[in-house]
Structure formats: C-alpha cells, structure tokens
Amino acid sequence: MTIDQGTAYRSGGVLDALESAFAPLTSGPVPLALDGTLLGQEVPSRPFPLSELIGLLYDRADGPAVLPRTRDTIWRALVDKARTGAPPG
C-alpha cells in the first residue's frame, strides 16, 4: 500500500493516512500483537493487540496510563520488531 502525500495532507493529515494504513494490521481475527509478558508488570500477561497497546502510550486526563519505564519497554519492543522484521508476539 502506498500513501499519496498530497492526498494525505489534504484529507486530514499524515496521521490520518497512517491510521488508515495500519487499520488492517490492527483489526480482524488475528491482529498484530506483542506478548504482554515481555512488556512489564503493568501490562496483562497475554497477547496485547497493537490497537490496545496505543492506549498505554498516551497520558490520560487522570495521569499516565503506565509508568515511564513500562512505556519505554513498550517502545523498545515495538522498535525492535520493526527493525528485525520478526513477527509480533
């Protein structure tokens, strides 16, 4: 799938285009997921779909979703999977 940058900027922005591009990867019967046991004690010990994981990376009105060290662990796991091309999980 390619993203036309001109269209992306005009139709709501690059982030909207990225969300559309990633939607098929984060939905369906087997969405991409990371193993929660590798992400810290605050994350459930189960396959953690990326669509749920994003909620942990943002602060909420009542404070951070997870501790900074857990957030760092999640980011490291995501970057490692992206760099190695290893299947998520």
Side-chain angles (χ1 to χ4, degrees):
M1 173 180 219
T2 60
I3 298 173
D4 175 4
Q5 290 181 348
T7 302
Y9 286 112
R10 287 189 303 275
S11 67
V14 174
L15 294 178
D16 289 338
L18 286 173
E19 185 175 350
S20 294
F22 277 98
L25 299 173
T26 60
S27 61
V30 185
L32 290 177
L34 292 176
D35 182 355
T37 61
L38 305 175
L39 302 177
Q41 295 176 346
E42 295 179 274
V43 179
S45 297
R46 61 174 171 81
F48 212 78
L50 298 184
S51 58
E52 290 181 45
L53 196 62
I54 196 163
L56 300 179
L57 297 174
Y58 289 101
D59 290 340
R60 298 185 277 223
D62 61 344
V66 293
L67 294 172
R69 69 174 176 259
T70 301
R71 187 179 301 172
D72 291 347
T73 301
I74 293 168
W75 277 116
R76 275 193 298 277
L78 290 169
V79 169
D80 183 54
K81 295 295 183 185
R83 284 184 176 162
T84 64

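Along the sequence shown, residues are numbered consecutively beginning with 1.
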Discussion item. With heavy-atom distances below 4.5 Å as the criterion, would you say the side chains of Thr70 and Leu56 are in contact?
Written reply: no
Worksheet item: Which heavy atom of Pro49 sits nearest a heavy atom of Pro31, and at what distance?
Response: CB-CG, 4.2 Å
Practice prompt. With sequence neighbours left out, write down each residue that passes salt bridge (Lys or Arg N to Asp or Glu O under 4.0 Å) with Glu42, or none if nothing qualifies.
Written response: none
Item to complete: Find out whether Leu78 and Leu57 are in side-chain contact, i.e. whether some heavy atom of one side chain is under 4.5 Å from a heavy atom of the other.
Response: yes
Worksheet item: Do Leu50 and Ile54 touch side chain to side chain, with heavy atoms closer than 4.5 Å?
Response: no
Item to complete: Under the side-chain contact (heavy atoms from CB on, under 4.5 Å) rule, collect the residues that match up with Ser27, sequence neighbours excluded.
Response: none
Discussion item. Going by side-chain contact (heavy atoms from CB on, under 4.5 Å), name the residues that satisfy it together with Thr37, two or more places apart in sequence or in a different chain.
Written reply: Asp35, Ser45
Worksheet entry | Side-chain heavy-atom pair Leu39, Leu53 within 4.5 angstrom cut-off | yes
Discussion item. Run the side-chain contact (heavy atoms from CB on, under 4.5 Å) test against Pro44 and tell me which residues pass, sequence neighbours left out.
Written reply: Arg46, Phe48
Fill in: side-chain hydrogen bond (donor to acceptor under 3.5 Å, both in side chains) partners for Arg69, two or more places apart
none
